There are 2 protein chains.
Amino acid sequence: MPDSLRRFKADIFQALGHPTRIAIIELLQNGELSAGELMAKLGMEQANVSQHLAVLRGKLILVNRKAGNQVFYSVRDPIIVEVLALMRKYFQKQLKEAQGLLSEMDKTPVTTGQ
Amino acid sequence: MPDSLRRFKADIFQALGHPTRIAIIELLQNGELSAGELMAKLGMEQANVSQHLAVLRGKLILVNRKAGNQVFYSVRDPIIVEVLALMRKYFQKQLKEAQGLLSEMDKTPVTTGQ
DNA sequence: CAATCATATTCGCAACTTCGAATATTCAAC
DNA sequence: GTTGAATATTCGAAGTTGCGAATATGATTG
C-alpha cells in the first residue's frame with residue numbers, strides 16, 4: 001500500500017471529519033444547492049459555511065457551478081455519499097451492540113463493590 | 001438527520017484522518033497484531049504508535065487483548081475495513097478521471113497566451 | 001458608475017493535534 | 001524483590017483548525 005494512497009485517504013477523511021461538513025454533504029446528497037441555501041439550512045454564519053465549502057472544494061469532494069450571482073455546489077462523486085451511508089450502517093450496528101451489552105448486564109447484575 | 005449522528009460520523013472520520021492511523025488499520029485488516037509488531041512494520045517511534053493506537057481505541061475502532069507482556073490489537077468491526085476499500089475505489093476513479101482529462105488536453109491543446 | 005446582493009478571503013485568537021523525549025505502568029523471569 | 005521487556009501516559013513545543021469580525025470580489029440593477 002503506497003504511502004501516497006494513505007495520505008490521499010487521510011486527507012479525504014480529514015475533510016469529512018467535521019459535523020458541519022457532514023451536514024453539507026448530506027444536504028447535497030440529492031442534488032445541488034447554492035451556497036446561500038446551504039447557509040440557510042445549516043443556520044450558520046456565512047463566512048463559516050463558505051470556509052467549510054472551501055475545504056470540501058479543496059479536496060475535490062464538491063464541485064461548483066457559477067450562475068450569475070450565485071454559486072451552486074454538488075457532490076462530485078456519489079461514492080462519497082456511499083461512504084456516509086456505510087457509516088450510518090456502522091453507527092446502527094455499534095448502537096445495537098451497545099444495547100445488547102446493556103441488556104446482558106440486566107440479566108447478570110454486577111456487584112458495585114459498596 | 002440528527003446532529004448526534006453527524007458528530008459520531010465526524011469523530012470516526014477524524015480518527016481515520018491521519019496516514020499513520022490508516023496504515024495501522026490496513027495492517028490489522030487480516031487479523032490482530034501486537035503493538036510491537038505494528039511499531040516494527042510502521043518503522044515509527046514507540047510513543048507515537050502508542051498514541052495513534054490510543055486515538056483509534058478511544059473511538060472504539062480498535063479493540064485490544066492483553067496476553068502477558070504484550071497487547072494485541074484488532075479492528076472491532078469489518079465495516080471500517082469496507083470503508084477503506086470504498087475509499088480505494090474512490091481514489092482509483094478520481095485518478096482515472098484525472099488521466100482522462102489529461103489525454104483530452106493532449107487531443108485539443110490549449111494556447112498558453114504567450 | 002453607484003448601490004446592492006451573493007460569496008469568498010483574510011485576520012487574529014483560542015482550541016486542538018502531532019511529535020519525540022522523558023517517565024510511568026505492568027508483567028515475566030530470574 | 002530487582003531487572004528487563006512491552007506498552008502507555010505526560011509534557012511542552014510547533015503546527016493546524018475553527019470561528020466570527022471585517023474586508024474583498026464579482027455579478028446585477030438601477
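Computed from a predicted model, the values in this text were never measured in an experiment.
- With contacts defined as side-chain heavy-atom distances shorter than 4.5 Å, the pair B:Arg88/A:Leu5 qualifies.
- Looking at B:Phe13 and A:Ile22, their side chains come closer than 4.5 Å, going by heavy atoms from C-beta outward.
- The nearest pair of heavy atoms linking A:Leu27 to A:Leu33 is O-CD1, 3.7 Å.
- For B:Glu32, the salt bridge (Lys or Arg N to Asp or Glu O under 4.0 Å) partners are B:Arg65, not counting sequence neighbours.
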Pairs of donor and acceptor atoms involving the side chains of residues 76-83 of chain B, under 3.5 Å and at least two apart or interchain, shall be tabulated with distances.
residue : atom : partner : partner atom : Å
B:Arg76 : NH2  : A:Glu97 : OE1          : 3.0
B:Asp77 : OD1  : A:Lys93 : NZ           : 3.2
B:Asp77 : OD1  : B:Ile79 : N            : 2.9
B:Asp77 : OD2  : A:Lys93 : NZ           : 3.4

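- Among residues at least two apart or in separate chains, there is no ring-ring contact (aromatic ring centres under 6.0 Å, His included) pair with a member in residues 54-74 of chain B.
- Regarding contacts with the backbone of C:dA6, every side-chain N or O of A:Tyr73 stays at 4.0 angstrom or more from both OP1 and OP2.
- Looking only at distances, no side-chain donor or acceptor of B:Arg21 sits under 3.5 Å from a matching main-chain atom of B:Leu56.
- Heavy-atom minimum distance, B:Leu60 versus A:Tyr90: O-OH, 3.8 Å.
- In summary, contact between chain A and DNA chain D, defined as any nucleotide atom under 4.0 Å from a heavy atom of the protein, begins and ends at D:dT17 to D:dT28 in the 5' to 3' direction.
- With sequence neighbours excluded, the residues that form a ring-ring contact (aromatic ring centres under 6.0 Å, His included) with A:Phe8 are B:Phe91.
- Sorted by first and then second residue, the ring-ring contact (aromatic ring centres under 6.0 Å, His included) pairs with a member in residues 19-54 of chain B read B:His18-B:His52; sequence neighbours excluded.
- Between the two ends of the helix from C:dC1-D:dG30 to C:dC30-D:dG1, each summarised by a five-pair axis, the helix axis turns through 10° (rounded to 10 degrees).
- Interface residues of residues 58-72 of chain A facing DNA chain C, ordered by number: A:Asn69, A:Gln70, A:Val71; criterion, heavy-atom separation under 4.0 Å.
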Between the protein and nucleotides 12-20 of chain C, which nitrogen or oxygen pairs are less than 3.5 angstrom apart?
residue : atom : partner : partner atom : Å
C:dT18  : OP1  : B:Arg21 : NH2          : 3.3
C:dT18  : OP2  : B:Arg21 : NH1          : 3.3
C:dC19  : OP1  : B:His18 : NE2          : 3.4
C:dC19  : OP2  : B:Asn48 : OD1          : 2.9
C:dC19  : OP2  : B:His52 : NE2          : 2.5
C:dC19  : O5'  : B:Asn48 : ND2          : 3.3
C:dC19  : N4   : B:Gln51 : OE1          : 3.4
C:dG20  : OP2  : B:Asn48 : ND2          : 3.1

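- A:Ala15 approaches A:Ile61 most closely through the heavy-atom pair CB-CD1, 3.8 Å.
- Under the rule for a side chain to side chain donor-acceptor pair (under 3.5 Å), the partners of A:Ser34 that lie at least two apart in sequence or sit in another chain are A:Glu37.
- Side-chain contact check for A:Ile24 versus A:Leu62: some heavy-atom pair is nearer than 4.5 Å.
- The line from CE of B:Met39 to CD of B:Glu45 is 8.0 Å long, rounded to the nearest 0.5 Å.
- The stretch residues 34-42 of chain A comes close to DNA chain C through A:Ser34, A:Ala35, A:Gly36, each having a heavy atom under 4.0 Å from the strand.
- Scanning for side chain to side chain donor-acceptor pair (under 3.5 Å) contacts around A:Asn69 gives an empty result, with sequence neighbours left out.
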